[in-house]
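These numbers come from a predicted model, not from an experiment. Note: hydrogens, waters and symmetry copies are ignored here, and every other heavy atom, side chains too, is used. Naming convention: chains lettered A, B, ... in sequence-line order (proteins, then strands); numbering from 1 in each chain.
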Amino acid sequence: EFFFPNVTGIPPSRLLNTTRNLWDAFRNFTGCRPGVDGLYKLKQYFQRFGYIPENFSGNFTDDFDDILRHAIEMYQRNFRLNVSGELDELTVRHLVIPRCGNPDIVNGSSAMHGGKKYEVNFAGRRGQRFHALKR
Amino acid sequence: YSLFPGEPRWPEDRRQLTYAFDPRNALTEEVKGVFGRAFARWAAVTKLTFTRVETFPDSDITIGFYTGDHGDGEPFDGVLGTLAHAFSPPSGRFHLDSDENWVVSGDVGGILSMTSAVDLESVAVHEIGHLLGLGHSTIEDSIMYPTISTGRRKVELTRDDIDGIQYLYGTNPNFNGSSPPSTQQRESSDFGGVGRM
């Protein structure tokens with residue numbers, strides 16, 4: 001049911017139902033800066049792909065906090081976007097592109113920069129401080 | 001290119017790998033042939049070989065299409081989003097999201113400008129890279145770049161991909177070592193990709 005010989009073989013009704021996906025909701029976050037709420041799903045996205053450590057034991061809030069800002073910065077660095085720590089339009093448009101389910105960062109270390117590794121650590125649960133270190 | 005932590009790879013005595021399809025998917029020969037072409041692209045540049053077998057549980061690499069939660073802790077999310085995932089060596093598990101509109105002929109462009117069509121061979125070549133030990137690359141034209149826009153076909157290994165896989169497994173004696181074609185010359189097309197980017 002899910003294989004098609006070419007793009008014209010896909011029933012129009014199926015295309016109409018499937019041109020948007022759950023990540024498209026992230027487009028609403030374009031331009032978000034600290035102080036804007038409603039972002040816990042984006043944090044879950046970043047955690048899934050390694051930008052927030054899997055062993056982070058706190059609950060995600062809707063706040064645009066340091067956890068999110070550092071995840072965005074690392075994502076922008078990996079995808080060679082302007083590293084601003086903000087959800088600018090290009091970053092959000094990139095976030096919703098379909099992708100491989102494998103994480104970009106494994107065990108807190110990204111090797112996507114040809115040997116330059118970026119390590120992420122939580123300094124502690126209290127205050128949820130989050131640091132990104134370039135080695 | 002990048003490698004998984006610890007640089008896992010298939011051991012020396014397991015370089016003639018077998019692959020099989022989950023019989024529950026009842027895939028056609030045409031679909032299975034797409035994977036055969038994808039494996040051949042990696043075999044062309046390394047000493048690895050890939051042979052299709054019918055004994056699913058016993059093969060080195062197992063391929064299956066699944067939907068939602070399929071038991072490995074990494075549930076699929078419906079149309080688009082995550083398309084597939086694969087495990088590092090020597091796991092051999094290769095899972096694809098059966099909710100996608102997989103195009104098997106390579107004809108993914110030219111008519112509709114924004115569709116949910118995903119080129120199966122493009123994703124297969126990428127995931128096989130993971131099965132062999134490659135992580136994600138920052139080189140946008142490379143096979144191992146993490147994202148692929150709908151309607152885009154990208155199946156040719158780039159120098160970055162080749163360097164990575166040859167670091168792990170050495171060079172195919174029959175590989176002439178010439179640089180892959182430039183981006184413009186490579187077999188690549190997109191109609192929705194630019195729009196989505």
Note to self: For a 4.5 angstrom cut-off between non-hydrogen side-chain atoms, does A:Arg80 reach B:Ile139?
What the structure shows: yes

Note to self: I'd like to know whether NZ of B:Lys32 has more than 12 heavy-atom contacts from other residues, nucleotides or ligands below 6.0 angstrom.
What the structure shows: yes

Next item on the list: May I ask you to test the B:Glu100-A:Pro98 pair for a side-chain heavy-atom distance under 4.5 Å?
Entry: no

Next item on the list: For A:Phe3 and B:Val34, run side chain to side chain contact (heavy atoms under 4.5 Å, CB included): C-alpha distance rounded to whole Å, both residues' side-chain angles, the deciding distance at 0.1 Å, then the answer.
Entry: CA-CA 12 Å; A:Phe3 295 113; B:Val34 172; over 6 Å; no

Notebook entry, point to check: So what's closer than 4.5 Å to chain A heavy atoms on B:Ser98: side chain, backbone, both or neither?
Noted result: both

Check: Does a sphere of radius 6.0 Å around CD in B:Glu7 hold more than 12 heavy atoms from other residues, nucleotides or ligands, not counting ones at 6.0 Å or beyond?
Finding: yes

Next item on the list: With the side chain counted from C-beta on, respond yes when A:Arg77 and B:Thr138 share a heavy-atom pair under 4.5 Å apart, and no when they do not.
Entry: no

Check: Is it true that B:Phe39 and B:Leu168 fall in one hydrophobic cluster, defined by side-chain heavy atoms closer than 4.5 Å?
Finding: yes

Next item on the list: Quick one: list whatever passes salt bridge (Lys or Arg N to Asp or Glu O under 4.0 Å) with B:Asp22, sequence neighbours left out.
Entry: B:Arg24

Notebook entry, point to check: A:Tyr45 versus chain B, heavy atoms under 4.5 Å apart: side chain, backbone, both or neither?
Noted result: neither

Check: How would you list, in number order, the residues of residues 83-92 of chain B that have a heavy atom less than 4.5 Å from chain A?
Finding: B:Leu83, B:Ala84, B:His85, B:Ala86

Notebook entry, point to check: With A:Ser84, which residues qualify under side chain to side chain donor-acceptor pair (under 3.5 Å), at least two apart?
Noted result: A:Gln76, A:Asp88

Check: In terms of heavy-atom pairs under 4.5 Å, which option from B:Asp77, B:Val31, B:Thr82 contacts chain A the most?
Finding: B:Thr82

Next item on the list: Please flag which part of B:Phe76 lies under 4.5 Å from any non-hydrogen atom of chain A: side chain, backbone, both or neither.
Entry: neither

Note to self: Once side chain to side chain contact (heavy atoms under 4.5 Å, CB included) is applied, do any residues pair with B:Gln166, and if so which ones, sequence neighbours excluded?
What the structure shows: B:Val45, B:Ile162, B:Thr171, B:Phe175

Checklist line | Cluster link A:Tyr40 to A:Val92, ILVMFWY, side chain under 4.5 Å | finding: yes

Notebook entry, point to check: How long is the span from the CG atom in A:Asn102 to the CD atom in B:Glu74, to the nearest 0.5 Å?
Noted result: 8.0 Å

